[in-house]
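For this chain, numbers begin at 1 and follow the sequence in order.
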Amino acid sequence: MSELTLLLIRLAFLAVLWFFVIAAVGVIRTDLFGSRQPATVAARKPVKPARQPAKPKKGEPRQLVVTGGPLQGTIINLSETPITIGRANDATLVLSDDYASSRHARLFPQDGQWIVEDLGSTNGTYLDRSKVTRPMPVHLGVPIRIGKTVIELRK
């Protein structure tokens with residue numbers, strides 16, 4: 001092989017190597033600091049006036065129960081406030097799971113039902129067996145899987 005060909009191969013290899021390094025740094029940054037949320041996501045959040053917490057109607061979920069994983073048996077009572085799930089210390093449900101991102105997912109009430117939204121996690125959020133790619137309604141007893149942790153809405 002000519003010297004020019006070897007030089008081109010070396011430069012291509014170096015470019016591919018730098019591409020992987022930059023991609024790895026991007027994934028680590030997203031995992032540590034969370035993903036950037038576009039302005040349209042913030043605009044979708046309903047703003048409700050302050051009032052007494054409404055009593056859940058018959059048939060509506062009242063609790064978030066961890067049914068699988070290291071926190072099995074943990075119960076969170078539901079209110080009008082969103083529930084954040086992830087490894088960050090300020091999350092409502094803090095997971096110590098290598099497969100969970102710092103700010104992994106969010107559950108929030110909207111129009112009388114609970115919605116699950118993936119917050120740009122690395123490994124994804126699963127509702128039953130479907131990957132959550134957009135905000136999706138959650139029904140009673142349907143498992144939500146985040147890494148090794150499984151949660152459900154219950155009465």
Value for CZ (Phe108) from OG1 (Thr81), rounded to nearest 0.5 Å, stands at 13.0 Å

Those residues at least two apart in sequence (or on a different chain) that pass side-chain contact (heavy atoms from CB on, under 4.5 Å) with Asp90 are Ala88, Arg103

Problem - Gln72 and Thr67: CA distance, side-chain angles, deciding distance, side-chain contact (heavy atoms from CB on, under 4.5 Å) verdict - result: CA-CA 5 Å; Gln72 186 171 0; Thr67 59; 5.7 Å; no

Looking only at heavy atoms, the pair that brings Pro109 and Ser79 closest together is CG-O, 4.2 Å

Solution key, residues 143-151 side-chain donor-acceptor pairs under 3.5 Å, sequence neighbours excluded:
none

Is it the case that one hydrophobic cluster holds both Val142 and Leu107, taking links as side-chain heavy atoms less than 4.5 Å apart, direct or via other members?
-> yes

In short, Gln113 meets Pro137 closest at the heavy-atom pair OE1-CB, 3.6 Å

Between Pro61 and Trp114, the two heavy atoms sitting closest are CG-CD1, 3.5 Å

Residues passing the side-chain contact (heavy atoms from CB on, under 4.5 Å) test with Gln63, sequence neighbours excluded, are Val65, Ile75, Asn77

Closer than 3.5 angstrom, by distance alone: can the side chain of Arg106 be matched with the main-chain N or O of Thr84 as a donor-acceptor pair?
no

For residues 124-144, the salt bridge (Lys or Arg N to Asp or Glu O under 4.0 Å) pairs (sequence neighbours left out) are none

Check your understanding: Sub-3.5 Å donor-acceptor pair from the side chain of His104 to the main-chain atoms of Gly124, do we have one?
Key -> yes

Looking only at heavy atoms, the pair that brings Pro135 and Glu117 closest together is CG-OE2, 3.9 Å

Checklist entry - Would Val66 end up clustered with Leu127 when hydrophobic side chains under 4.5 Å apart are linked, directly or stepwise? => result yes

For Asp98, the salt bridge (charged side-chain N to carboxylate O under 4.0 Å, His left out) test, sequence neighbours excluded, returns none

I'd like a table of donor-acceptor pairs (distance under 3.5 Å, sequence neighbours excluded) in which one partner is a side-chain atom from residues 4-20, with atom names and distances.
{"from": "Thr5", "atom 1": "OG1", "to": "Ser2", "atom 2": "OG", "distance (Å)": "2.9"}

Kindly say whether Arg87 contributes a backbone atom to a donor-acceptor pair with the side chain of Ser102 at under 3.5 angstrom? no

Taken in chain and number order and not counting sequence neighbours, the residues that satisfy side chain to side chain donor-acceptor pair (under 3.5 Å) with Thr133 are none

By side-chain contact (heavy atoms from CB on, under 4.5 Å), Ser96 pairs with (sequence neighbours left out) none

d(Leu119 CG, Ser101 OG) to nearest 0.5 Å is 9.0 Å

Note to self: In the structure I gave you, are the side-chain heavy atoms of Leu78 and Arg62 within less than 4.5 Å of one another anywhere?
What the structure shows: no

Single-linkage hydrophobic cluster Val138~Met136, side-chain heavy atoms < 4.5 angstrom
yes

May I ask you to decide if Asp118's main-chain N or O and Ser121's side chain share a donor-acceptor pair within less than 3.5 Å? no

*Report yes or no: do Tyr126 and Leu95 belong to one cluster of Ile/Leu/Val/Met/Phe/Trp/Tyr joined by side chain heavy-atom distances under 4.5 Å?*
no

request  = Decide if atom OH of Tyr99 counts as having more than 12 heavy atoms of other residues, nucleotides or ligands within a radius under 6.0 Å.
outcome  = no

Sorted by chain and number, sequence neighbours left out, side-chain contact (heavy atoms from CB on, under 4.5 Å) with Ser130 holds for none

